[in-house]
Protein chains: 2
Amino acid sequence: MRFPKLYEQLSPLGPIPESEWERAESLAREQSVERKAHFLRPGDAADRFAVVLQGVFRLVRVSARGGESVKAFRAEGELLGAYAEMLQRMPSMTAIEALEPARVLVFRTQDFQTLEEGHGCWVRVARRVAERHFLLKERREQEFLELSAEERLDTFWAEHPHLRGRVPQRDVAAYLGITEVALSRIMSRRRKRTE
Amino acid sequence: MRFPKLYEQLSPLGPIPESEWERAESLAREQSVERKAHFLRPGDAADRFAVVLQGVFRLVRVSARGGESVKAFRAEGELLGAYAEMLQRMPSMTAIEALEPARVLVFRTQDFQTLEEGHGCWVRVARRVAERHFLLKERREQEFLELSAEERLDTFWAEHPHLRGRVPQRDVAAYLGITEVALSRIMSRRRKRTE
DNA sequence: GACGGAGGTTAACCCAGGTTAAGGCGGCAA
DNA sequence: TTGCCGCCTTAACCTGGGTTAACCTCCGTC
């Protein structure tokens, strides 16, 4: 078990025999990413993904008008990649950028496909990954439909306590779908409300 | 091929041998749903899903505060079910209601699992279904992050032209995350703008 | 034909959040 | 030290959308 983070992430998704773990680890490549450097930038082929070993990343989509919106953050143990673009085999529209000096364990999607062909356990894993991604997005949809920005903020910290102090406020705002000004306002409003 | 809609929906997701089609059809049960009747109501077990043969449905989530938000519409050929709750094996939080007299082809999730155990093609289908659900939600997330209500309205009609005239405006509003009043305002604003 | 309900529109008023612009403050480089 | 830069805050002003409530169809039912 050279990479406990890998094991933590993948083993809850279905039983994987020892021999397959070894095969997987042999395909992985460890890589470090400097603060503010990109794991993936818009236009790159979405042909690899990773497990975060160390650090926090932001997944950013630059809209047509030039505005940045943050789709997600990823920290230790989480999967990193332009998942939608991978599925559609299109170039990435997403920038993936380290907010701290980071280390990741990289797989090429092509190699993962070979894993799948070799053993059915990986197919099950891939399915669970798809389902988990879906559940995350559905929860987020619900938040946009039902909650105010302030409530979304609370939900955010409740769901991501480990990001406290590790992500700049402007990015939290861009994740919530508001401006950094509005976020600052919400926070001061609340500061006063509770004295 | 007793149910062409079933074939249309599922066959693009992966090759399915003739014998498996027959097995699937033997498990399905045709059911009709009256206008305003429910295919599923909150609290029901999320233990079945369907393919829509005829009609339009709305998937509604009733929030804690009693507000209704519309997660999606489903028309002919689309999959109908409380997917998130199915994955999590929890009772449905979603109401699924016919907006027109409708007919559906119902499967019990349990039966579908038997299909999966019998032949690998169904596993592939299940995975593609998960991926498609994810892509839909991701697109919606992006719309909430980047677009105004008015732009979301345009996007909605561009993506769902077949729903024109079949869904009441209040439901479109609830899908966009605004009130029917706001939607009416947007439409009149636009009517004036273009004379 | 009268009535009532469902769905849509309009208007008045309010508030959350966008926009712009002006600081504040800590850290880092010259 | 000074000055700049990145990040955050605050204020002023504007706008989109929420809320409430009145009203208007169009139907379907009696």
Side-chain angles (χ1 to χ4, degrees), chain A residues 34-37 56 58 60 63-70 73 95 97-101 143-157 163-194, chain B residues 34-38 56 58 60 62-70 73 95 97-101 143-157 163-194:
Chain A
E34 290 174 39
R35 182 177 131 85
K36 301 216 169 187
V56 179
R58 62 199 260 254
V60 178
S63 75
R65 308 200 201 19
E68 283 196 348
S69 51
V70 172
F73 299 100
E97 186 194 333
L99 295 173
E100 305 170 349
E143 287 166 11
F144 279 115
L145 284 172
E146 300 185 359
L147 304 182
S148 66
E150 182 162 4
E151 292 167 315
R152 293 205 298 281
L153 176 63
D154 291 338
T155 309
F156 175 75
W157 287 124
L163 295 179
R164 277 249 176 240
R166 302 179 73 186
V167 302
Q169 248 158 242
R170 54 151 49 95
D171 289 328
V172 176
Y175 177 85
L176 298 176
I178 62 179
T179 60
E180 55 176 340
V181 181
L183 177 54
S184 181
R185 216 157 22 196
I186 288 172
M187 287 169 54
S188 84
R189 201 155 58 206
R190 157 161 327 181
R191 238 174 285 134
K192 279 166 198 160
R193 207 181 300 146
T194 62
Chain B
E34 290 173 38
R35 182 177 131 84
K36 301 216 168 186
H38 291 258
V56 179
R58 62 199 260 254
V60 179
V62 179
S63 76
R65 310 198 200 16
E68 283 197 348
S69 51
V70 172
F73 299 100
E97 185 193 334
L99 296 173
E100 305 171 349
E143 288 166 11
F144 279 115
L145 284 172
E146 299 185 358
L147 304 182
S148 67
E150 181 162 4
E151 292 167 316
R152 293 205 299 281
L153 176 63
D154 291 338
T155 308
F156 175 74
W157 287 123
L163 294 180
R164 277 251 176 239
R166 302 178 74 185
V167 301
Q169 250 161 240
R170 53 153 49 99
D171 289 328
V172 176
Y175 177 85
L176 298 177
I178 62 179
T179 59
E180 54 176 341
V181 180
L183 177 54
S184 181
R185 217 157 22 197
I186 288 172
M187 287 170 54
S188 83
R189 201 156 57 208
R190 158 160 327 180
R191 237 174 286 134
K192 277 164 199 160
R193 207 180 301 146
T194 62

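Reminder, nothing fancy here: chain letters follow the sequence lines and each chain counts from 1.
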Could you state the atom-to-atom distance from CZ of B/R35 to P of D/dC27 in whole Å?
12 Å
Rounded to whole angstroms, how far apart are NZ on B/K36 and P on D/dG28?
12 Å
Taking CZ from B/R190 and P from C/dG8, how many angstroms apart are they, rounded to a whole number?
17 Å
With nearest nucleotide decided by heavy atoms, which residue, A/P168 or B/I186, maps closer to the 5′ end of DNA chain D?
A/P168
Interatomic distance, A/Q169 CD vs D/dC7 C1' [rounded to whole Å]:
9 Å
Which whole-number value in Å describes the distance from A/E146 CD to D/dG18 P?
14 Å
Between the CD atom in B/E150 and the CZ atom in B/R190, the distance rounded to the nearest 0.5 Å is 4.5 Å
Whether A/K192 contacts D/dT9 is assessed here as follows: a side-chain N or O lying under 4.0 Å from the phosphate OP1 or OP2. Is that the case?
no
Counting only non-hydrogen atoms, which of residues 176-185 of chain A are less than 4.0 Å from DNA chain C?
A/G177, A/I178, A/T179, A/V181, A/A182, A/R185
If I take atom CG in residue B/L145 and atom P in nucleotide C/dG18, what distance separates them, rounded to the nearest angstrom?
12 Å
Is there side-chain contact between B/H38 and B/E97, with heavy atoms separated by less than 4.5 Å?
yes
Report the distance from atom OG of A/S184 to atom CE of A/M187, rounding to the nearest 0.5 Å.
6.5 Å
As an exercise, state the distance from CD1 of B/I178 to CZ of B/R185, rounded to the nearest 0.5 Å.
9.0 Å
Supply the atom-to-atom distance B/E100 CD to B/K36 NZ, rounded to the nearest 0.5 angstrom.
13.0 Å
Would you call the rings of A/F73 and A/Y175 parallel, tilted or perpendicular, where under 30° means parallel and over 60° means perpendicular?
tilted
Any salt bridge (Lys or Arg N to Asp or Glu O under 4.0 Å) involving residues 167-178 of chain B? Give me the pairs, sequence neighbours left out, ordered by first then second residue.
B/R58-B/D171, B/R170-B/E180
Any residue in residues 150-157 of chain B with a heavy atom nearer than 4.0 angstrom to DNA chain C? Just list them by number, or reply none.
none
In terms of heavy-atom contacts, does CD of B/E34 have more than 12 from other residues, nucleotides or ligands at under 6.0 Å?
no
B/L147 CG to D/dG17 C1', straight-line distance once rounded to whole Å:
16 Å
Side-chain touch B/V172/B/V70, heavy atoms, less than 4.5 angstrom
no
How many whole angstroms separate atom CZ of A/R58 from atom C1' of D/dC7?
13 Å
